[in-house]
Protein chains: 2
Amino acid sequence: MPLFQVSTRIQYGLRALAYLAGKDGPASATEIAGAEGIPGKYLEGILGQLTASGLLRSERGKNGGYRLSLPAAEVTVLSIVEALEGEIRPTECAAGPGACDHDLACLPRRFWLGLKTAVDEYLRSRTLLDVIDPAS
Amino acid sequence: MPLFQVSTRIQYGLRALAYLAGKDGPASATEIAGAEGIPGKYLEGILGQLTASGLLRSERGKNGGYRLSLPAAEVTVLSIVEALEGEIRPTECAAGPGACDHDLACLPRRFWLGLKTAVDEYLRSRTLLDVIDPAS
DNA sequence: TATAATCCTAGTATTCAGATAGGAATACTG
DNA sequence: CAGTATTCCTATCTGAATACTAGGATTATA
């Protein structure tokens with residue numbers, strides 16, 4: 001139903017990163033899941049993705065866990081979203097020219113691309129620090 | 001997978017309205033569907049919603065059809081989206097305070113509300129005319 | 001009366017988000 | 001070396017929603 005819906009994947013990922021930003025030293029998936037009320041096994045997968053994309057660094061074995069690769073101020077929300085869901089694309093049209101075949105030129109395409117741009121700019125202009133800082 | 005996904009409902013609705021904007025006199029659902037390559041019966045439902053919301057006016061019976069209630073320049077895309085999908089809401093959090101229960105205050109809420117605002121502003125600032133005018 | 005249109009209600013099919021489950025590999029610790 | 005706590009990998013399930021499809025009732029025109 002919604003035009004844009006933020007998946008639990010992104011919400012959980014963001015909250016997990018926010019939790020890690022408030023900690024020095026690694027935190028395990030179980031710890032984060034407990035603190036944030038997120039299903040543990042589900043969160044594991046999300047943290048794995050964030051690790052694969054380079055936003056997190058993981059240490060295996062006892063006393064292991066996850067920690068941020070960068071200071072919170074250097075992590076844009078766009079990078080988080082893209083790590084978890086790939087590139088943002090409102091419509092097939094927006095994939096590029098030739099991607100749709102209505103009329104001669106798909107007029108709405110420019111419009112949807114503009115929306116994508118607006119969203120991208122918002123997400124790129126905010127960092128993890130902005131998200132967790134009540135005074136921003 | 002996408003952060004924001006424009007449903008076919010909205011895409012079809014927008015294209016149908018764009019078609020009507022380029023015509024004087026009513027067009028039937030069948031005509032629009034044929035011109036735009038949209039499943040006819042499916043489009044009927046969409047046009048019905050747009051009519052119920054006041055964006056279109058319909059005439060039944062032979063030679064009937066749909067026409068815009070207002071000039072294209074006075075129809076914001078936001079009104080179209082809301083007619084077809086209701087209010088935009090990125091997360092449960094964004095519904096208002098108390099809608100989520102993580103931590104003491106849900107820190108990401110402000111962030112998601114900001115995203116909603118950015119999207120709303122974009123959609124409110126564009127009219128149907130902007131969508132169909134190649135020079136805008 | 002025939003026709004062409006909107007309007008109304010119900011059903012289906014497929015996809016996907018959101019998990020859940022079980023275990024293998026890895027690394028500390030006593 | 002044994003135990004334990006962790007990440008990592010793969011597979012499976014499920015409920016809900018989107019995207020249609022179907023059939024017909026109602027209404028207006030010619």
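Convention: sequence-line order gives letters A, B, ...; per-chain numbering from 1.
If you measure from atom CZ of B/R67 to atom C1' of C/dA5, you get 14 Å, rounded to the nearest angstrom. Remark: P of D/dC8 and CG of A/L43 are 12 Å apart, rounded to the nearest angstrom. A straight line from CG of B/L56 to C1' of C/dC7 spans 14 Å, rounded to a whole angstrom. A straight line from CD1 of B/I32 to C1' of C/dT6 spans 12 Å, rounded to a whole angstrom. Whole-Å rounding puts the A/I10 CD1 to C/dG18 P distance at 9 Å. Protein atom CD of A/Q49 is 13 Å distant from nucleotide atom C1' of D/dC8, rounded to whole Å.
Taking 4.0 angstrom as the limit, A/S58 places none of its side-chain polar atoms (N or O) nearer than this to OP1 or OP2 of D/dT6. Residue A/T51 places no side-chain N or O under 4.0 Å from the OP1 or OP2 atom of D/dT7.
Annotation: side chain of A/Y66 is not in contact with side chain of A/R57 (no heavy-atom distance under 4.5 Å). When side chains are defined from C-beta on, B/V81 counts as touching B/I10, because their heavy atoms get closer than 4.5 Å.
Within the 3.5 Å criterion, the main-chain N or O of B/V6 finds a donor-acceptor partner in the side chain of B/Q11. With hydrogens and angles disregarded, a donor-acceptor distance shorter than 3.5 Å links the side chain of A/Y122 to the backbone of B/L115.
For the pair A/E59 and B/G48, nearest-nucleotide mapping onto DNA chain C gives the more 5' position to B/G48.
Counting any heavy atom pair closer than 4.0 Å across all strands shown, A/G65 reaches sugar-phosphate atoms only and no base atom.
Side chains of B/E74 and B/T127: no donor on one and acceptor on the other come within 3.5 Å.
B/E31 has a carboxylate O that lies under 4.0 Å from a charged side-chain N of B/K23, or vice versa, which qualifies the two as a salt bridge.
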Under 4.0 Å protein heavy-atom contact, by nucleotide of nucleotides 19-30 of chain D - B base, S sugar-phosphate only: BBB-BB-BBBBS
